[in-house]
Amino acid sequence: LGHAPSVAAQPWPEWEEQLLELAEVKVAVQINGKVRATIQVPAGADEEAVLAVVQGHPAVKKWTEGKNIKKRIYVPGKVCNIVVGN
């Protein structure tokens, strides 16, 4: 179209790594393998901090109240699964 320089001759844009990192992540909360809630936690949160947030969530309280928690499984940044029994 007569403009100089051509778009085809331009280099690819550079990215900045710090802009690609997330400050918070969504974690699915499962009770006995069924998704009951999702929570947002800081990206670098450790297992104990995430489990504390999960235990305080109203939906989790509803499904675990009065039941024996047999196991807690946490996959960092992805899912927290709680296995409960009677």
Side-chain angles (χ1 to χ4, degrees):
L1 297 173
H3 300 292
S6 172
V7 172
Q10 297 300 312
W12 284 97
E14 298 293 323
W15 67 84
E16 297 178 29
E17 283 292 325
Q18 70 270 15
L19 296 177
L20 297 175
E21 295 175 8
L22 297 175
E24 290 187 334
V25 292
K26 283 187 180 178
V27 175
V29 179
Q30 296 179 336
I31 309 294
N32 288 341
K34 295 184 173 130
V35 177
R36 302 295 183 184
T38 56
I39 58 169
Q40 287 211 336
V41 294
D46 63 343
E47 183 174 357
E48 291 180 15
V50 173
L51 289 175
V53 173
V54 167
Q55 294 290 62
H57 195 282
V60 174
K61 286 182 182 179
K62 172 186 169 187
W63 290 98
T64 60
E65 203 169 282
K67 296 181 181 172
N68 182 24
I69 295 177
K70 294 182 178 182
K71 196 178 214 181
R72 293 181 182 101
I73 304 166
Y74 175 60
V75 178
K78 299 202 181 279
V79 66
C80 179
N81 192 354
I82 298 174
V83 179
V84 297
N86 294 342

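Computed from a predicted structure; not experimentally measured.
- Leu22 and Val27 fall within a single hydrophobic cluster, where Ile, Leu, Val, Met, Phe, Trp and Tyr side chains are chained together by heavy-atom contacts under 4.5 Å.
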Contacts table for residues 29-46: side-chain donor-acceptor under 3.5 angstrom, sequence neighbours left out:
unit_1, atom_1, unit_2, atom_2, d
Gln30, OE1, Asn81, ND2, 3.4
Asn32, OD1, Val84, N, 2.9
Asp46, OD1, Ala49, N, 3.2

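- Residue-environment remark: CD (Gln18) exceeds the threshold of 12 foreign heavy atoms within 6.0 Å.
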For residues 65-80, which side-chain N or O atoms pair as donor and acceptor with protein atoms under 3.5 Å away, sequence neighbours left out?
unit_1, atom_1, unit_2, atom_2, d
Tyr74, OH, Gly77, N, 3.1

